[in-house]
Chemist: 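Submitted below is the structure of interest, expressed as structure tokens.
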Amino acid sequence: MVLTGDGPLLVEGPVELTLDDGTVVTSDRFTVAVCTCRRSRTYPWCDTSHRRRSRS
């Protein structure tokens with residue numbers, strides 16, 4: 001597992017996650033990017049939405 005500074009949590013797959021509402025989601029990929037910013041349209045998976053924020 002790798003926590004990146006401004007991005008997702010990278011986890012070696014396969015992965016099974018239980019969300020706050022009790023829903024279980026799975027991925028069979030070799031490496032899975034789990035969203036930590038909650039901006040992803042494909043949450044809990046990262047879609048790189050964290051990159052779109054404006055820089056001050």
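Just so we're clear, the structure is a prediction, and the values are computed from it rather than from any experiment. Heavy atoms only: backbone and side chains are in, while hydrogens, waters and symmetry mates are out.
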Chemist: By salt bridge (Lys or Arg N to Asp or Glu O under 4.0 Å), which residues pair with R38, not counting sequence neighbours?
Modeler: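 Partners of R38 by the salt bridge (Lys or Arg N to Asp or Glu O under 4.0 Å) criterion, ordered by chain and then number, come out as D20.
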Chemist: Which one of L9, T23, L19 satisfies the side chain to side chain contact (heavy atoms under 4.5 Å, CB included) criterion with P44?
Modeler: L19
Chemist: Taking all non-hydrogen atoms of both residues into account, name the closest pair between W45 and S40 and its distance.
Modeler: O-OG, 2.5 Å
Chemist: Return each pair, listed once, that meets side-chain hydrogen bond (donor to acceptor under 3.5 Å, both in side chains) where at least one residue sits in residues 24-37; pairs must be two or more places apart or across chains.
Modeler: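 Checked against side-chain hydrogen bond (donor to acceptor under 3.5 Å, both in side chains) - neighbours excluded - no pair reaches residues 24-37.
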Chemist: When you group the ILVMFWY residues by side-chain heavy-atom contacts below 4.5 Å and let the links chain together, are V11 and L17 in the same group?
Modeler: yes
Chemist: Looking at every heavy atom in both R39 and S49, which two are closest together, and how far apart are they?
Modeler: O-OG, 3.4 Å
Chemist: If Ile, Leu, Val, Met, Phe, Trp and Tyr residues are connected whenever their side-chain heavy atoms lie under 4.5 Å apart, and connections chain through other members, are V25 and V32 in the same group?
Modeler: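 Yes; tracing contacts between hydrophobic side chains, which count when under 4.5 Å, links both residues.
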Chemist: At what distance, to the nearest 0.5 angstrom, does CZ of R51 lie from SG of C46?
Modeler: 7.0 Å
